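All of these numbers come straight from a predicted model, not from anything done at the bench. Numbers restart at 1 for each chain; the letters A, B, ... are given by sequence-line order, proteins then strands.
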Amino acid sequence: MGDLVQILIATATTGSTIALIALGINIVFATTRVVNFAQGGIVVAAGYIAFVFSSPAHVGMNVWLAFGLTTLAGILLGIFVDLWGVSALGGYDRNENRSWLIITLSVAALALFWLLIPSSTFTKILAMVAVAGIIVGVAYGIARPSPLGKFDPATNVGWIITTFALGMFFIPNIVTRAISNSPEKIPELVGGKAITIAGQAITPSDLLIVGMSIALLVAIELVMSRTMLGRAFHAVSQDPTTASLMGINTGSIVIIAFGLAGALGAIASVLIAPKLFVKLDNSITLSIWALVAVVLGGLGSTKGAVVGAYLVALITAAVTTLAPDGDKWAQPVLFLGLLVILRVRPTGLFGRVAVEKV
Amino acid sequence: MTYTQEWPIETMQEQYEPPLLEIVDLRVWYGAATALKGVDFIVERGEVVVIIGSNGAGQTTIMKTISGVVELRKTVEGQVLFYGTDIAGQQTHKIQQLGISHVPEGRRIFPESTVEENLMLGAYTRFKRERGAIAGDLDAIFDRFPVLGERRKRPAGYLSGGEQQMLAIGRALMSRPFLLLLDEPSLGLAPLIVADVFEIIKELAAGGTTILLVEQMANMALEIADRAYVLETGEITLEGTGAQLLEDPRVKEAYLGA
């Protein structure tokens, strides 16, 4: 009984967090056909940013205010990934050369870190920025425009390298160098007494994670299905050129998608912080969980991402709790489950085969 | 929308109304390949202007250049004057907002969105300011195309080719355009459906919509044209009223199969 309750709590809390991150990956994929590998990096960066804002040793502001500012930072990080990692490869609707964008951003980043970082660590930072710059440059070099004359993630695969480099190395490394290299704690958003069921404590934080995640998921789903903005998102995801013939500014829709994904990552990061701490490893763990959730549910399907997220959390929690040495087995079992499901349903649980265009 | 041309001598001041659309010496290249070699034509308000020509003569390039669709290694020279203002090189969504609605070749409806959502997307730019009028326009489209009304909640991808063409035209009309660009509306449709589509174009023209139509079904297109142009490998080789071109021996031989 205690085990079961423990598994359920873990599934509900971790699953909700993964769902938010996965939804961010999904929204970006739906509008651009780019799988944003940088999402996990944004989550970790947002965690450390929230730590700086809320920790008494640094800024020490009210934790809810820090939460709000971190969400804002998440939006900016998301847009940064778009501009530097994806748009820079050629743009969506135009074929113009965007190398100026990469150069400008690189110089701006260098200047910023010159000011922020003590001189002793500067050479390290410089090397890191240079490496990231070279990676982006190489990706830009191998990226070739599609025959359609617009950014086509299928032929223009530079985004795989750029989003991966930005998310796994660049963003988290900059943040950990600038802020902290060790696991940190963020104050909980809500205090109060825990409820105990079968010897397992359910804290107000747990309830907040689940409640706020579900509220956000429902709100986003309503916006996507009921509003003109949502219809514009669907139009851009189906056919960007025709969407622009409708008067839709496809570039700004893509920016909104990346910003929204960044915000969701930041919110997830702050919500889960009391459970996971803020640490560099989360970048990889959360990325893998969210990517597995998205693929399991079916890329592009909102329902799929949410169901996939809770399924990933359930498998992980069940194996960790029940099996001896469970935490070592959680990921192998997870991937085995993914393989089995993809063998049966290659497009994931809720993925559709695209409606044929006549 | 008129603008006053300031002449140097005050007594000569007059109201000058530029044509709705004026294409001046339009040259387009794709890399080294020339698509348009200097095309000039005019569309006046309320007219149906038809451009006929064989496959690959450059009609679609004209349409895409007017509505600002950017393609790979495409270079544009010359002017696209809309109400006398050069719009060449502007972004597609901005050109649409000026009142040019483009029904692209191959219809390009949004297959996963419902019929109604497709139509609402046509009114995307009007949504903020004219929200109230859109519901009425939607009803008007459903009156004109009852088959769309019956299927309004279905994904548009399940419609037949002819129904999709009606949807694409209806979607373009939802923006209440000043100029409607129709690119090969008969493409891939059964002859009976093609006749339907031309009937609709005729109705629209009678209702005062200005239409620029690109079509390979030269016979039917010339019958509804006020004026027409013949485009051959990127150049306009003939022009006249629809009736004139129908009688022209060169047109008869090349395009009407006589």
- Considering non-hydrogen atoms only, spot the tightest contact between R108(B) and D239(A) and give its length. NE-OD2, 2.8 Å
- Scanning both residues in full, the closest heavy-atom pair of H234(A) with S113(B) reads CB-OG, 4.3 Å
- With side-chain contact (heavy atoms from CB on, under 4.5 Å) as the test, would you mind laying out the steps for I248(A) and H93(B) before giving the verdict? CA-CA 6 Å; I248(A) 297 167; H93(B) 65 273; 5.7 Å; no
- Query: Less than 4.5 Å apart, any side-chain heavy atom of I109(B) and any of Q238(A)?
  - Reply: no
- Message: Does L339(A) have more than 12 heavy atoms from other residues, nucleotides or ligands lying within 6.0 Å of its CG?
- Response: yes
- Query: Side chains of F110(B) and R231(A): closer than 4.5 Å at any heavy-atom pair?
  - Reply: no
- Item | CA sep, side-chain torsions, deciding dist, call: Q97(B), N249(A), side-chain contact (heavy atoms from CB on, under 4.5 Å) | CA-CA 11 Å; Q97(B) 285 162 21; N249(A) 185 345; over 6 Å; no
- Contact residues of residues 117-134 of chain B (partner chain A; heavy-atom separation under 4.5 angstrom): E117(B), M120(B), L121(B), G122(B), A123(B), Y124(B), T125(B), F127(B)
- Query: Can you find a pair of side-chain heavy atoms, one from M246(A) and one from R171(B), that are under 4.5 Å apart?
  - Reply: yes
- Message: Can you tell me if F164(A) has over 12 outside heavy atoms packed within less than 6.0 Å of its CZ?
- Response: no
- For D143(B), does the CG atom have more than 12 heavy-atom neighbours from other residues, nucleotides or ligands under 6.0 Å away? yes
